[in-house]
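Both ligands and their constituent atoms are indexed starting at 1 by order of listing. Computation of the quantities below employed the complete heavy-atom set of this structure, encompassing side-chain atoms and omitting hydrogens, waters and symmetry-equivalent molecules.
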Amino acid sequence: MNVMAIEGGLPLYGEAEVHGAKNAVLPVLSAALLCPKATIRSCPLLSDVWAARRILEHLGCKVSMADSERILQINTSSANGYGVPESLAGEMRSSIIFLGALLARWGKAHIALPGGCRLGPRPIDLHINGLRQMGVRIIEQEGGLICSVDGTLKGADICLRYPSVGATENLLIAASLAKGITTLRGMAVEPEIDGLIDFLNRAGARIYRKEGCLCIEGVEFLHEVDYTIIPDRIEAATYLSAAAATGGEITLKKVCLPHLDAVLPVFEEMGCTLKTKQDEISLSAPKRLSPIHSLSTAPYPRFPTDALAPVMAASLLADGASRFEELVFQSRYLHVNQFEKMGANVHMEGRTALVNGVAFLRSARLHCTDLRGGAALVIAALAAKGVSFIDELQHIYRGYDDMPAVIRQLGGKVWMISSGSIETGEKERKKEGFSNLGYAAGIPLAQTQGVL
Ligand code: UD1
């Protein structure tokens, strides 16, 4: 098991590029099942992308990736499968988005229930109800869904009771090849939805907005497509939070500024200075951050739930009390226990968290609890005094393309060690020119052997 070691207390400085968005690439990978060939550019290197790739390959597609160029090529001409077993679906939440694509392509699908972060109950009723309106017969069995369509999918007027991102994506993909027109109301309007619409339209779908609805005129087939994934607004918010937390000054390139409209004012409230130009944003943090009066999450265009934990990490050292309210998922504070190990002062009540800023955080041995919570621990560790060790990194690998490399590029001191080899880590650190702090996670290094 790998462990991330972070020597905190140094301001982040410099420039880095944001990668393609995880939440944009995953629905595009399932929609690609409807095209004979797809070339996906700016494809982030993430374990969730590998999980989607394994599903495509299991379905009979040929997938190749030029890692250095982040270009993924998918050829679906040999696709023949319609089943996604538990071993593959359980790897990530987005496996459910293959349902719409399988039904559009084959008129049938056997799909196990999805995995993903444990953020409280994550029902799929909106996906199921919408697809049923399009003529899909769905049998819900323990552990999965057996779905079939008589003839072809039919266009329908669907109104979602909540703007679920995943349900909107599933219905958009399915409706692209349905007979007739589908209208979607109450749908999600996240930038990643626009990304998916753009991908589908470039492949020959007919999707447009009219009077607050999404209209999808079903076509008979989609054609070959070459598409570039939009920048990751959550990755951008994460590194901006890290710069804010460490009193740093960074520039992020290849960002889409309008997608950050709800996030940037929060950094200004914390006293950071922002400068923008075209697809770049620079953040310069004060010595001590101001607290955030009150921040609630909500569907786009409001503050994204995925950016809550990273921004909360920055507020741990603010000069006063910050209030957070999570209104999208039930359980998004799993990382708070880990913050407390570092001396943070956080009081939780239901969906609300009150952070009383402290003067300093101490290094600690930390466990990632989920993807964004894991990123928040990295930020807190970068801001803490001393060397922290973070494990359960599989959560971070799901959604951040080579996070250690980005942090190093911004001057942060991070290195990977294998668990149980803290002595080796110490040697590597010396080799790489890191200072010998004498203490790791609050424990004298000499005593840490075997702790991990
Ligand atoms: C997507 C994002 C995730 C982000 C979330 C909200 C991807 C791969 N993941 O997840 O990073 O945090 O949007 O912005 O894009 N709900 C129902 N019934 C349903 C579906 C959802 O009640 O059928 C509820 C969920 O329980 C949750 C809320 O709707 O409380 C939002 O979920 P949804 O928008 O569907 O999130 P995901 O698509 O899973």
Side-chain angles (χ1 to χ4, degrees), residues 20-31 44 46-49 51-52 55 89 91-100 111 113-133 136 138 140 145 158-174 184 186-197 199 229-230 232-238 259 262-263 296-311 325-334 350-351 370-376 395-396 398-400:
K22 162 187 160 300
N23 288 353
V25 72
L26 296 175
V28 160
L29 292 181
S30 47
L46 306 170
S47 63
D48 269 11
V49 169
I55 292 177
E91 289 192 52
M92 61 168 179
R93 169 79 181 169
S94 283
S95 56
I96 192 66
I97 313 297
F98 278 91
L99 183 53
I111 191 161
L113 291 177
C117 286
R118 296 183 305 277
L119 310 176
R122 295 184 80 172
I124 50 170
D125 56 308
L126 296 167
H127 304 241
I128 291 177
N129 294 344
L131 290 169
R132 279 193 171 131
Q133 279 185 260
V136 184
I138 301 180
E140 295 178 56
L145 305 173
I158 301 170
C159 181
L160 298 179
R161 70 166 163 76
Y162 184 90
S164 156
V165 173
T168 303
E169 291 166 348
N170 236 336
L171 297 171
L172 269 170
I173 296 169
L184 268 181
M187 69 283 170
V189 293
E190 266 68 4
E192 294 75 21
I193 302 283
D194 284 339
L196 176 62
I197 293 172
F199 172 84
I229 298 297
I230 60 169
D232 197 319
R233 61 196 169 104
I234 306 301
E235 190 193 22
T238 301
H259 295 171
V263 173
S296 304
T297 63
Y300 194 83
R302 292 181 56 200
F303 190 86
T305 171
D306 287 354
L308 183 82
V311 168
E325 198 178 15
E326 168 56 47
L327 297 178
V328 177
F329 290 105
Q330 261 182 37
S331 160
R332 201 125 212 197
Y333 296 132
L334 296 173
R351 290 175 172 232
D370 61 278
L371 167 59
R372 306 304 172 186
H395 293 291
I396 290 181
R398 287 190 41 227
Y400 290 92

Next item on the list: Say whether Lys22, considering both its backbone and side-chain N or O atoms, lies within less than 3.5 Å of an N or O atom on ligand 1.
Entry: no

Checklist line | Closest to atom 19 (C) of ligand 1 (judged by heavy-atom distance), picking from Pro123, Pro27, Pro163, Ala167 | finding: Pro123

Notebook entry, point to check: In terms of atom number and element, which parts of ligand 1 are under 4.0 angstrom from non-hydrogen atoms of Ser94?
Noted result: 8 (C)

Next item on the list: Could you tell me whether the side chains of His395 and Asp370 share a donor-acceptor contact shorter than 3.5 Å?
Entry: no

Next item on the list: Using a 4.0 Å heavy-atom cut-off, say whether Tyr162 meets ligand 1 through its side chain, its backbone, both or neither.
Entry: side chain

Margin query: Just to be sure I read this right, does ligand 1 sit under 4.0 Å from the backbone of Arg161, its side chain, both, or neither, counting only heavy atoms?
Written below: side chain

Note to self: What I want to know is whether Phe329 and ligand 1 share at least one N or O pair that is separated by under 3.5 angstrom.
What the structure shows: no

Check: Looking at Gly166, which atoms of ligand 1 are within less than 4.0 Å of one of its heavy atoms?
Finding: 35 (O), 38 (O)

Item checked: Side chain, backbone, both or neither: Val328 near ligand 1, heavy atoms under 4.0 Å -> both

Notebook entry, point to check: Is there at least one pair of N or O atoms, one from Ser164 and one from ligand 1, spaced under 3.5 Å apart?
Noted result: yes

Checklist line | Distance filter under 4.0 Å to His127 heavy atoms, resulting ligand 1 atoms | finding: 23 (O)

Notebook entry, point to check: Near Thr305, which atoms of ligand 1 are under 4.0 Å from a heavy atom of that residue?
Noted result: 6 (C), 12 (O), 14 (O)

Item checked: For Arg332, atoms of ligand 1 separated by under 4.0 Å from a heavy atom -> 12 (O)

Notebook entry, point to check: Which is it for Leu126 and ligand 1 at heavy atoms under 4.0 Å: side chain, backbone, both or neither?
Noted result: both

Notebook entry, point to check: Does ligand 1 have a heavy atom under 4.0 Å from the side chain of Val165, from its backbone, from both, or from neither?
Noted result: both

Checklist line | Between Thr305 and Arg332: side-chain donor-acceptor atoms closer than 3.5 Å | finding: yes

